[in-house]
2 protein chains.
Amino acid sequence: MLEARLTQGSLLKKIIEAIKDLVQDANFDCSDSGISLQAMDSAHVALCALLLKSDGFEPYRCDRNLSLGINLNSLSKMLKCSGNDDVITLKADDEGDILTMLFESPNQDRLCEYELKLMDIDSEHLGIPEQEFDCTVKMSSTEFARIVRDLSTLNESVTISATKEGVRFATAGEMGKGSVFLKPNSSVDDSSSSGSLPTTIQLSEPVSVTLSLKYLNNFTKAAPLSDTVTLQMTNDIPVLIDFSVGEIGYIRYFLAPKINEEE
Amino acid sequence: MLEARLTQGSLLKKIIEAIKDLVQDANFDCSDSGISLQAMDSAHVALCALLLKSDGFEPYRCDRNLSLGINLNSLSKMLKCSGNDDVITLKADDEGDILTMLFESPNQDRLCEYELKLMDIDSEHLGIPEQEFDCTVKMSSTEFARIVRDLSTLNESVTISATKEGVRFATAGEMGKGSVFLKPNSSVDDSSSSGSLPTTIQLSEPVSVTLSLKYLNNFTKAAPLSDTVTLQMTNDIPVLIDFSVGEIGYIRYFLAPKINEEE
DNA sequence: TCTTAAGCGC
DNA sequence: GCGCTTAAGA
């Protein structure tokens with residue numbers, strides 16, 4: 001059986017919000033090392049990979065590997081019944097077809113128990129290659145969300161180009177063009193409380209990829225989970241966009257770039 | 001070419017918000033004295049006049065007179081991509097058909113460049129007469145906005161009547177009547193921090209004009225630009241409603257009164 | 001399309 | 001902390 005107690009239940013709520021617009025149904029694979037999920041969106045264009053390590057739970061127990069088939073919309077609805085400060089405990093029997101969720105209010109005054117019916121879902125276990133990327137950009141997740149939202153008003157796709165000098169997000173549409181350029185922060189620790197977090201760029205090779213803004217906008221639903229986002233890019237290879245989930249794991253999105261031909 | 005750098009970029013955002021609901025497309029006329037715009041609303045009922053003096057920009061350069069035909073909705077969308085603290089620089093070539101906008105974040109970490117395609121717009125240069133009015137009311141712009149909004153719930157038009165005793169905004173509809181009376185503030189500098197700014201009235205002749213609340217509501221979009229608004233009225237003559245734009249210019253609206261016959 | 005809920009700015 | 005604008009849901 002599975003029993004996993006998450007002190008900061010709001011994390012789970014944010015995680016599901018960050019996935020449910022991309023994936024309807026998915027298997028949560030539970031083992032003694034933790035809980036993971038891998039799924040493609042319905043159009044099979046983007047891939048989402050979630051990992052929650054067992055030591056992020058207190059306690060965590062998983063005797064046998066379990067694959068819990070879950071409708072994320074239903075799960076989201078139930079999680080909205082929990083308070084943001086609640087402690088959430090997930091329970092599932094080895095042979096059962098329900099996921100039991102316990103919501104405990106901080107002062108123990110309220111105890112909610114919800115049971116979610118599980119589904120059988122054909123799992124498409126996608127071998128996600130552990131690859132090296134030519135360029136890694138780490139930046140403020142809210143700034144990333146802002147840029148993606150801004151450029152979405154102009155067109156459907158954005159071209160992200162990175163050099164040592166900085167990273168550029170550019171698009172063009174009927175109204176005109178838009179381009180945002182971020183300089184990596186001077187090594188000097190500018191504690192000028194300049195609002196946004198510093199951008200850092202590591203690259204072995206300049207890169208330029210063109211991505212769907214609609215999907216990127218979907219991914220930025222994960223921004224509430226982490227102050228920073230990491231973009232990993234290599235030309236013509238799916239981009240990896242990584243949000244850490246507190247100290248306990250991550251949500252990663254993979255998105256194939258559009259092949260660079262003028263439309 | 002034009003190059004105009006506005007330190008307080010948020011002013012430009014507010015200006016466009018204050019115009020775009022009234023006018024879809026308009027020419028921004030640029031000369032060495034500054035940037036101006038004059039346009040009527042699509043129903044040709046109201047007139048909007050914007051002036052931004054060159055010395056409000058730092059620096060300002062305009063070699064030749066330029067008329068930039070702009071779709072205000074597109075401009076608004078692009079300006080929303082700027083941060084509220086950004087410095088905004090406008091650039092246009094003499095023979096070009098684009099307006100380039102630079103948004104610089106305060107700490108220079110982010111640099112955005114947007115290009116707006118320009119349009120050819122038949123300019124209807126309306127000779128706006130410099131006229132004397134019988135009555136000038138200066139009052140809090142937020143209070144004005146509040147009154148207009150409140151009375152809008154009762155009917156479509158408001159009758160503004162001013163005497164030395166004060167100014168009255170009155171309307172009547174199916175529900176009933178509404179009337180707001182503002183006394184000019186006593187000459188004594190009442191620093192009673194009474195919330196709202198004092199009202200002042202100068203008049204050579206009592207006036208009474210009936211105006212469309214729908215249009216007045218449109219005009220109050222300019223309230224964020226200035227703490228005060230100035231109403232200038234003469235019976236049966238278009239009313240002038242003036243919001244100053246910081247120290248650098250103004251937005252003025254002209255609205256013809258309804259002819260005073262019971263509907 | 002309208003209503004409601006969340007995020008952002010003042 | 002309050003109000004507003006914007007995004008999601010009915």
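In what follows, chains are A, B, ... by sequence order, proteins preceding strands, each numbered from 1. The figures here come from the full heavy-atom set of this structure, side chains too, leaving out hydrogens, waters and symmetry mates.
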Visitor: How close or far is atom P of D:dT6 from atom NZ of B:Lys13, stated in whole angstroms?
Guide: 10 Å

Visitor: Please state how far atom CZ in A:Arg146 lies from atom P in C:dC8, giving the value in whole angstrom units.
Guide: 10 Å

Visitor: If every non-hydrogen atom of A:Leu154 is compared with every non-hydrogen atom of A:Lys177, which pair is closest and at what distance?
Guide: CD1-C, 3.7 Å

Visitor: When the distance from CD of B:Glu17 to P of D:dT6 is rounded to whole Å, what number comes out?
Guide: 7 Å

Visitor: Counting heavy atoms from C-beta on, name the nucleotide in D:dA7, D:dC4, D:dG9 closest to the side chain of B:Arg149.
Guide: D:dC4

Visitor: Under 4.0 Å from OP1 or OP2 of C:dA5: is there any side-chain N or O of A:Lys80 that close?
Guide: no

Visitor: How is A:Lys20 classified with respect to the nucleic acid when contacts are heavy atoms under 4.0 Å: base, sugar-phosphate, or nothing?
Guide: sugar-phosphate

Visitor: C:dC10, D:dG9, D:dT6: which one has an atom nearest the side-chain heavy atoms of B:Asn84?
Guide: C:dC10

Visitor: Is the ring centre of B:Phe243 less than 6.0 Å from the ring centre of B:Tyr250?
Guide: no

Visitor: Looking at A:Lys221, I'd like to know whether one of its side-chain N or O atoms comes within less than 4.0 Å of OP1 or OP2 on D:dA8.
Guide: yes

Visitor: Just the rounded figure in Å: distance from P of C:dG9 to CD of B:Gln8.
Guide: 16 Å

Visitor: Any chance the side chains of A:Arg168 and A:Ser179 put a donor and an acceptor closer than 3.5 Å?
Guide: yes

Visitor: Determine whether the side chains of B:Ser226 and B:Ser244 contain a donor N or O and an acceptor N or O closer than 3.5 Å.
Guide: yes

Visitor: Given atom NZ of B:Lys77 and atom P of D:dT6, what is their separation to the nearest angstrom?
Guide: 12 Å

